[in-house]
Chemist: 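The structure follows.
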Amino acid sequence: RQDTGWEPDWDEFERAVTPRTRLLYLSNPNNPTGSILSDAAMQRIAAEVDFAETAFVTSEDAGARTLRFFSPIAAVPFCGHATAATAAAG
């Protein structure tokens, strides 16, 4: 939303995430704004869900995808037990 500077509404996010949460799907970049989650936003999400690692698939370029991992306290370069898959119709 524009009133949050295209960052997540953190109050709304915290109400939505419960101990039963197992999966979050966030569009990143967020169309039609094209805004991309900042590292600080990804870190805050990872801390809130408190999984061992939280994976983010981002697309900053047409066709290029980046897979990033965050623990509850820091970005991590590699996650040895996650599986991530993306697909695009085309």
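Index from 1, following the sequence.
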Chemist: When rounded to the nearest 0.5 angstrom, what distance separates CD1 in I73 from CG in D50?
Modeler: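 One gets 10.5 Å once the value is rounded to the nearest 0.5 Å.
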Chemist: Looking at A16 and T21, what are the two nearest heavy atoms and their distance?
Modeler: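 Heavy atoms only, the tightest pair is O-OG1, 4.0 Å.
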Chemist: Can any side-chain N or O of Q43 pair as donor or acceptor with the backbone N or O of F70 at less than 3.5 Å?
Modeler: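 It does not hold such a pair.
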Chemist: Does the side chain of E14 reach to within under 4.5 Å of the side chain of R44, using non-hydrogen atoms?
Modeler: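 Touching, per the 4.5 Å side-chain cut-off.
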Chemist: Sequence neighbours left out, what passes side chain to side chain contact (heavy atoms under 4.5 Å, CB included) with R15? Give chain and number order.
Modeler: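 Side chain to side chain contact (heavy atoms under 4.5 Å, CB included) check on R15 returns D11, E12.
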Chemist: Can you check whether F56 reaches I45 side chain to side chain, under 4.5 Å on heavy atoms?
Modeler: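 A side-chain contact exists here, since the closest heavy-atom pair is under 4.5 Å.
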Chemist: Drop me the distance from T54's OG1 to M42's CE, to the nearest 0.5 angstrom.
Modeler: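 The CE atom of M42 is 11.5 Å from OG1 of T54, to the nearest 0.5 Å.
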Chemist: Give a yes or no on whether the backbone of A46 and the side-chain of E53 come within a donor-acceptor separation of less than 3.5 Å.
Modeler: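 No: the side chain of E53 does not pair with the backbone of A46.
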Chemist: Taking only residues two or more places apart in sequence, or in another chain, which ones meet D39 in a salt bridge (charged side-chain N to carboxylate O under 4.0 Å, His left out)?
Modeler: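 Here the qualifying residues are R68.
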Chemist: Specify the closest pair of heavy atoms between P72 and A47, including all atoms of both residues, with the distance to one decimal.
Modeler: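 Distance-wise, the nearest heavy atoms are O-CB, 3.4 Å.
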